[in-house]
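In each ligand, atom 1 is the first atom listed, and ligand 1 is the first ligand listed. Small disclaimer: the values here were computed from a predicted structure and weren't measured.
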Amino acid sequence: MSRPSDAALLELKNLLGPKGFSMDDDVLAQHNAEARGKFYGKAEIILFPARTDEVAKAVAICAAYDIAIVPQGGNTGRCGGAVADQGQVILNLKRMNKITDLDGRDFTVTVEAGAILKSIHDAAATHDLLFPLSLGAEGSCQIGGNLATNAGGLNVIRYGNTRDLVLGLEVVLPDGSIWDGLSKLRKDNTGYDLRHLFIGAEGTLGIITKATLKLFPQPKHIATAWVAVPTPDAALDLLALARRDSGDAIAAFELMSSFAHDTSVTHLPNITRPLASNTDWHVLIELTSSRPGDDLNTLLIDILDTAMTAGFATDATVVQSDAQRKNLWAIREGIPEAQGFEGASIKHDVSVPVSKVPDLLTRGMTAAKDLIPGIRPCPFGHVGDGNIHFNFSQPTDMAKPDYLARWEDLNRVIHDIVTDLGGSISAEHGIGRLKRDELAHYASAEKMKLLRAIKTAIDPDDRLNPGKVI
Ligand SMILES: Cc1cc2nc3c(=O)[nH]c(=O)nc-3n(C[C@H](O)[C@H](O)[C@H](O)COP(=O)(O)OP(=O)(O)OC[C@H]3O[C@@H](n4cnc5c(N)ncnc54)[C@H](O)[C@@H]3O)c2cc1C
């Protein structure tokens, strides 16, 4: 597709003014880049509208000139969803970053879509409240991107996915009209729940411009432990025990293979190894409570004592300071970065029913080693949600390009096992461009028919984020 016409560019420039429009090479390079370097965008224009009506008018202009739009937030996504082809226009929401209403009685906050996730945490905290969506990119991703990808993150076991945290949305539709679905209602059974169409749609159905989100009491007590477990099965036994004995106070429950742990501990700066003993599997467990007077550390120590007696754990340490807690989270959250020091990696973001995680790990690691001898599995993830980041580092004696050439073969092997176990080939990062063909391969004909029917009903001319998801 060729570049948008001069007439279209003039209308967009006149609408948005100098701050709302860029064709600068440096700016474009930043917004055309994609984190994994797997795709490179080719947009020659990027729009930065400041208000919903500007988004709506820009979309209407693009519709009139038959220009496709790629919505973009913080551009931290991992699936190539915010990458634009030649002739397409990026519409980035970063100037729409206001927090417009924080309500301590409704326990809600209303925000513009370009608000950085961390800024919502900070705003809630000043009112002694919590917005619980938490993930590694929270300092740069926007809530609009989190909504569009239905992000998961570290606290899903307690609070649910982004989808579970939303009461209402405002969305600009592909023809430039605005659907005002902002609402603070907890109960509203008036027909199809439209907000859920746009959450997880990755910008293919509408541009999210505002959202009303749920807030929760700010935790007053946090107890965190690093636990050595002999097997993933034992980790699940520990999880069940901890859920029961803590009154479901678990806010996070992360599993890591020894390779994942060792990689972080070896390559990241200023990390202290949590346990002296060696183990094949590690768990990071965190309990939280907002109840005054709770003694979560004692509760967690009791749970871990019971777990050790039962053989679910072999060693553990409960943190005594914020610095120790930060060290544990740095190990867990630093795994993807640290894995970069081990050469090329092939990654899968998959989920299975929680009870099937041990099967997934055993079958997946065996099959991968059969396919590529010497491959080094690096699984870790939010095991409390059945979500494993099933990463694999290259064999030490294999050339990087040779290993990466096996990407699709390894995907097929792992995704076949995931599907056989009743799982999903995308747990939390979405489909974007990266997994579009995989979705078509694994989804039922009925599901694909419904997805296409929804896309056609809302965006019949395929103007919003074409080529993504379906
Ligand atoms: C270090 C790191 C750790 C991460 N950890 C996790 C994790 O634990 N759990 C998890 O779920 N994810 C995780 N992610 C992925 C993260 O969820 C996404 O990167 C983030 O949600 C995307 O937000 P963004 O603003 O950067 O969106 P972008 O990357 O800009 O866009 C992502 C998609 O959303 C669309 N989009 C963006 N804004 C809008 C809008 N306003 N309206 C409509 N469509 C829009 C884009 O078109 C694109 O398809 C991690 C990412 C990083 C970099």
Side-chain angles (χ1 to χ4, degrees), residues 30-36 39 41 43 46 49 52 55 59 68-84 88-97 111-118 120 133-156 160-163 169-174 197-211 252 254 329 332-340 347 349 351 380-382 385 387-389 426-436 459 464-469:
Q30 188 193 336
H31 291 274
N32 275 321
E34 188 263 338
R36 283 186 180 162
F39 307 102
I46 179 159
T52 299
V55 176
V59 170
I69 298 177
V70 177
Q72 190 180 75
N75 198 20
T76 66
R78 293 301 204 225
C79 297
V83 173
Q88 300 179 348
V89 167
I90 297 174
L91 189 148
N92 185 292
L93 281 293
K94 74 173 183 185
R95 289 177 72 212
M96 295 180 57
N97 58 8
V111 298
E112 290 185 326
I116 299 291
L117 177 55
K118 173 85 172 47
I120 304 175
L133 177 66
S134 173
L135 43 91
E138 63 196 27
S140 46
C141 61
Q142 300 175 7
I143 189 66
N146 304 145
L147 290 158
T149 55
N150 185 28
L154 304 170
N155 298 328
V156 172
N161 291 300
T162 303
R163 186 183 293 289
L169 291 181
E170 178 190 80
V171 180
V172 171
L173 300 170
L197 280 180
F198 299 100
I199 299 169
E202 301 182 49
T204 59
L205 299 178
I207 300 176
I208 298 167
T209 44
K210 287 186 189 138
E254 302 286 311
W329 278 109
R332 162 60 187 86
E333 295 206 277
I335 294 169
E337 182 193 336
Q339 220 195 332
K347 304 187 176 185
D349 160 41
S351 65
F380 63 95
H382 320 296
D385 322 321
N387 175 193
I388 295 294
H389 297 303
S426 179
E428 55 177 14
H429 287 261
I431 296 295
R433 182 171 288 184
L434 183 72
K435 290 189 178 173
R436 189 188 56 186
D459 185 16
L464 278 187
N465 224 356
K468 315 292 166 47
V469 185

TODO: Might you list the protein residues in contact with ligand 1, defined as having a heavy atom under 4.0 Å from one of its atoms, sorted by chain and number?
DONE: Pro71, Gln72, Gly73, Gly74, Asn75, Thr76, Gly77, Arg78, Gly81, Ala82, Leu93, Ala113, Leu135, Gly136, Ala137, Cys141, Gln142, Gly144, Gly145, Asn146, Ala148, Thr149, Ala151, Gly152, Gly153, Glu202, Gly203, Gly206, Ile207, Ile208, His382, Glu428, His429, Asn465
- [ ] Using the side-chain hydrogen bond (donor to acceptor under 3.5 Å, both in side chains) rule, pick out the option among His31, Gln142, Lys94 that qualifies with Gln72.
- [x] His31
- [ ] Go through the structure and list residues passing side chain to side chain donor-acceptor pair (under 3.5 Å) with Lys468, not counting sequence neighbours.
- [x] Asn465
- [ ] Would you give the length of the straight line joining atom CD1 of Ile116 to atom CD of Glu138, rounded to the nearest 0.5 angstrom?
- [x] 11.0 Å
Task: Partner residues of Thr76 under the side chain to side chain donor-acceptor pair (under 3.5 Å) criterion, sequence neighbours left out - done: none
Task: salt bridge (charged side-chain N to carboxylate O under 4.0 Å, His left out) involving Asp459 - partner list, sequence neighbours excluded - done: Lys455
Open item on the list: If the test is side chain to side chain contact (heavy atoms under 4.5 Å, CB included), which one of Leu154, Leu117, Val156 qualifies with Leu135?
Closed with: Leu117
